[in-house]
Amino acid sequence: MNSANELRLLFAGLVLASALPVLPLTAHAETSHERDARMKWWREARLGMFVHWGLYSGAEGVWDGKPYGGGVEWIQDYAGVPADVYAARMRPLFKPKPGFARAWARLAREMGAEYVVFTSKHHEGFALWDSKMTDFDARDFTGRDLFKEIVTALRAEGLRVGVYFSVIDWHHPDFPVNNTGLPHPLQKHPEIANPDAGRVLSRYVDFMHRQVEEIVSRYGPLDVLWWDWSSQETQGDSWRAPELMALVRKHQPRIIMNNRLYHSPNVEGDNLGIFDVAKGDFTTPEQHIPAIGMRNVDWEACMTLNGTWGYSNHDFDWKSAQTLIRNTVDIASKGGNYLINAGPLADGTIPEPIVVRFHELGAWMKTYGESIHGTTANPVGSVPWGRITAKPGRLFLHVFDWPKDHRVTVPLKSGRPLRAWMLADRAKVPLACAATAEGATVSLKPAFQNPYASVAALEVAD
Ligand code: JFZ
């Protein structure tokens, strides 16, 4: 072939290539319609229960008699404990009682949660399933497959199943100590001259991929994979994330994953504006509620109930039931999900202060759940007296500050008020409501006032 023909061929090839869409890594690219169908249950759920439970639960926030603050599921790191010492000390303390998982599932249901995310492996590296890849797992420590017990119990209660998986692993001998931007207990040991000698990250990543494959291939359909977490230096490529996510999707085509294989929540903020569905289905603001929500981004705010994810025997700084209920409302009004944490004891018992608060939230949800589940963000603009959620043709007026004249103003953008009633009123006796220059006013009934958040439904005609 002469060079002119070669050039012509090359040119034709270039034109053709630029006309083709970029081929996705997976065999079939998901359309936005298919994505919406896959995300449907999650977008409607609005409330989930997070469970942090592992060997750290047995330390209860104390190491060598010294109490630690903060998230004490990190106690191995806080106290700079080498993996073998940690495993030996924690092993005898980890004694799950029979039926613990059924109690978790029942509590999640009673609280009004639609899904539960539990730590299958936290940073300490201990696997709650029967892993063939390591003897640092539930089967070797307890003779049981705790993952299976938890998944079975959640499904029996009709809950969606979410699996938290830490890509950070302080037990595996190939997980780097330094220069990842991620924590490691041996960083507290400057006397170890070269702690990274002999550690090969790619070997850990191979191991981690195979662990993930065990989880996603053995226990039937899973609903959420909650990765945790990455840094600027160590993310995406470091974990071979596209391959890992494709592996998960091969076994679990409908699973929903967060974006923490690429994202460090507290360092980079909430990812507003740079959200990319190729890097995860939703983003995870931690310990705060985004001021105005996030337009066109699926998000879930995760929060502790006191100051720690894992159980502490000396942190009594519990959020009130009112805060839980108002956070639930606030987050739903901004279009997000609320994932509330419980840290059980090493035997699986959920502490009474948590049970009491979750029951109180659940009692409120029982009456007002229709104003949370299946709703979308406030479509009309903020109001001084509380928050608003929406369903087609209907607004839910959540009143935090009950007006002295019992009347709330709703800034309708279009349409006119049809009828209104208090959600707690089973008879649905109509409330006085009227169209005004601002939109509508609704007269509330004090007999149906709720100390946490009162709710009225308002039907709006186009
Ligand atoms: C992570 C975990 O470290 C924590 O133990 C808990 O599981 C929580 C839900 O997720 O928390 C983080 C994640 C990232 C940062 C800090 C805490 N960060 O980027 O600094």
Let me check something: any side-chain donor-acceptor pairs from residues 152-167 under 3.5 Å, sequence neighbours excluded? List them with distances.
| unit_1 | atom_1 | unit_2 | atom_2 | d |
| --- | --- | --- | --- | --- |
| Thr152 | OG1 | Lys148 | O | 2.7 |
| Arg155 | NH2 | Tyr219 | O | 2.7 |
| Arg155 | NH2 | Pro221 | O | 2.7 |
| Arg160 | NH1 | Asp223 | OD1 | 3.1 |
| Tyr164 | OH | His122 | NE2 | 3.0 |
| Tyr164 | OH | Asp228 | OD2 | 2.5 |
| Ser166 | OG | His123 | ND1 | 2.8 |
| Ser166 | OG | Ile168 | N | 3.1 |
| Ser166 | OG | Ile168 | O | 2.7 |

* **ring pair (Phe, Tyr, Trp, His ring centres under 6.0 Å) partners of residues 327-365, not counting sequence neighbours, each pair once** => Trp364-Tyr368
* To do: Compute the centroid of each ring, for Phe118 and then for Phe147, and state whether the two points are separated by less than 6.0 Å.
  => yes
* Is the ring centre of Trp41 less than 6.0 Å from the ring centre of Tyr115? -> yes
Taking ring pair (Phe, Tyr, Trp, His ring centres under 6.0 Å) as the definition, give me every residue that meets it alongside [X], ordered by chain and number, with sequence neighbours left out.
X	answer
Phe100	Trp53, Trp104
Phe50	His52, Trp226, Trp309
His373	none
Phe126	Phe94, Phe136, Phe141

Acceptor/donor pairs from residues 401-413 side chains to any protein atom, 3.5 angstrom cut, sequence neighbours excluded:
| unit_1 | atom_1 | unit_2 | atom_2 | d |
| --- | --- | --- | --- | --- |
| Trp402 | NE1 | His406 | ND1 | 2.9 |
| Asp405 | OD1 | Arg407 | N | 3.0 |
| Lys413 | NZ | Pro379 | O | 3.0 |

* To do: Output all residues satisfying side-chain contact (heavy atoms from CB on, under 4.5 Å) with Ala427, sequence neighbours left out; order by chain, then residue number.
  =>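 Scan of Ala427 (side-chain contact (heavy atoms from CB on, under 4.5 Å), adjacent residues dropped) gives Asp425, Val429.
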* Applying side-chain contact (heavy atoms from CB on, under 4.5 Å), name anything that partners Gln187, two or more places apart in sequence or on another chain. => Val177, Asn178, His184
* Partner set under side-chain hydrogen bond (donor to acceptor under 3.5 Å, both in side chains) for Arg357, not counting sequence neighbours -> none
* **Residue pairs, two or more places apart or on separate chains, that pass salt bridge (Lys or Arg N to Asp or Glu O under 4.0 Å) and touch residues 436-446** => none
* Any salt bridge (Lys or Arg N to Asp or Glu O under 4.0 Å) pairs touching residues 105-130, not counting sequence neighbours? -> Lys121-Asp169, Asp130-Lys132, Asp130-Arg139
* Is atom NZ of Lys97 surrounded by more than 12 heavy atoms (other residues, nucleotides or ligands) closer than 6.0 Å? ->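 For Lys97, atom NZ is crowded (more than 12 foreign heavy atoms under 6.0 Å).
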